[in-house]
Number of protein chains: 2
Amino acid sequence: MKHDKGMVIVLSGFSGAGKGTIMKHLMSSYPGFYHLSISATTRPIRTGERDGREYFFKSRQEFDEMIANGEFLEYATFNGNSYGTPKEYVTQLTREGKDVILEIEVQGALQVRDIFPDALLLFVMPPSADELKERLVGRGTESSEVISQRLAISARESALMPRYDYLIINDVLEEAVCEVHGIIQSEHFATKRNKSAIAMMQSQLKAFA
Amino acid sequence: MKHDKGMVIVLSGFSGAGKGTIMKHLMSSYPGFYHLSISATTRPIRTGERDGREYFFKSRQEFDEMIANGEFLEYATFNGNSYGTPKEYVTQLTREGKDVILEIEVQGALQVRDIFPDALLLFVMPPSADELKERLVGRGTESSEVISQRLAISARESALMPRYDYLIINDVLEEAVCEVHGIIQSEHFATKRNKSAIAMMQSQLKAFA
């Protein structure tokens, strides 16, 4: 079946839920199925990098103009360098029928829906809050204060869970990856994503009547 | 993940689209996954049949009382015998966590949603209107007038397609069966079907804060 176009898929969830790991395994387990968006950044280009492959490299002025023109789906600044997801590139990929997958923090994820109303929003969480805490502690990189802060953020973010489309419990990684893939593939059959196939069938049947 | 409860799944679509064949193959390809509802009927019990296995056998008076009490999801009469899908039996199966699948004509299918708002509605169609016509002709059992009538009904029914959740194109049977299974399994991860898991995570996180 020829679906209307590619989907924008947002993978989000609590810090420590394993979003990044799921993304990595999804890309390697199902090669060719999913496309990553390329971010724009003000960080200087490094040896071996190419503009438009790792990043779209922008000057500070160019980046600020993109912000002013509303060209970003979302953006953020770390260590003085800014990073953003350009809308236009995502739009272009979906027009080509490609499924684009974005890993975004909880607050930003819901904003994507304002721009792409048919975006598919997936929320990743560990099997329990205890497990979430253990994973944050297990990293061994954060102080107990930082861990408490993160859990407090997760508690606030949990109020937004019902606004997501699907809930993925990341207990056994392989299962979670398989579920994410199954959900995305099934969503292609949603009637709202097949308006042109429906319209065609309706007009063909009308011709018989 | 412990989902809230079993789902009510309605498989519907044009006459001649192959709903019955998909149902049969779904039941045999994925044994134990899906449960059929048992209809009530006024038809006399036959040798070898058992009340509550093939059908719930009812007298005309009992059946009419069930209609009057609104106990049917839908009902119809063929050759003087009435057949109906009892709501209570479907409710009971879903409470036990079982997925119940119903094959229902297009008009009746949407009524199921009035009673089960979370019912999953699947619309089956052939790859084209020409193919639908060919399948009806190919049966060799209907006159050309009946075929024209059926196509006219399909044309009217096609206006309801956007109100279904998913569209299944029955081109290669095995693929269609596999898609139906995938869609149902993925739907179990919908946030609206996991309200208790979400509520539990929210309360656990609150306890940390």
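Proteins get letters first, then strands, A, B, ... in listed order; numbering begins at 1 in each. Because the structure is a prediction, the values reported are computed rather than measured.
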Problem - B:Asp118 versus B:Lys192, closest heavy-atom pair with distance - result: OD1-CD, 4.1 Å
Problem - Top contributor to chain B interface from A:Ala152, A:Ser128, A:Ala159 [non-hydrogen pairs under 4.5 Å] - result: A:Ser128
Completion exercise
Whatever's closer than 4.5 Å to a heavy atom in chain A on B:Lys195 counts as neither
Handout entry: Among the listed options A:Ser158, A:Pro127, A:Ala129, the residue most often paired with chain B at heavy-atom distances under 4.5 Å
Key = A:Ala129
Fill in the blank from the handout: NE2 (A:His188) and OH (B:Tyr166) are apart, to the nearest 0.5 Å, by 11.5 Å
Practice task
Under 4.5 Å, counting heavy-atom pairs only, tell me which of B:Ile184, B:Leu151, B:Ile198 racks up the most with chain A.
Solution key: B:Ile198
Exercise for the section: For B:Thr191 and A:Tyr164, indicate whether the former's side chain and the latter's backbone hold a donor-acceptor pair under 3.5 Å. Expected result: yes
Handout entry: Heavy-atom proximity to chain A below 4.5 Å, by part of B:Phe14
Key = side chain
Completion exercise
Of the listed B:Ser186, B:Ser203, B:Ala207, B:Ala155, the one with the largest count of heavy-atom pairs under 4.5 Å with chain A is B:Ser186
Practice task
Using a strict cut-off of less than 4.0 Å between a Lys/Arg side-chain nitrogen and an Asp/Glu carboxylate oxygen, indicate whether B:Glu49 and B:Arg43 qualify as a salt bridge.
Solution key: yes
Practice task
For chain B, find which of A:Leu132, A:Asp171, A:Asp130, A:Leu121 contributes the most heavy-atom pairs closer than 4.5 angstrom.
Solution key: A:Asp130
Exercise for the section: Taking the six-membered ring for Trp and the single ring otherwise, decide whether the centroids of A:Phe56 and A:Phe63 are under 6.0 Å apart. Expected result: no
Completion exercise
Looking only at heavy atoms, the pair that brings A:Leu167 and B:Ala197 closest together is CD2-CB, 4.3 Å
Problem - Most chain B-contacting option - heavy-atom pairs closer than 4.5 Å, from A:Met161, A:Gln204, A:Met201 - result: A:Met201
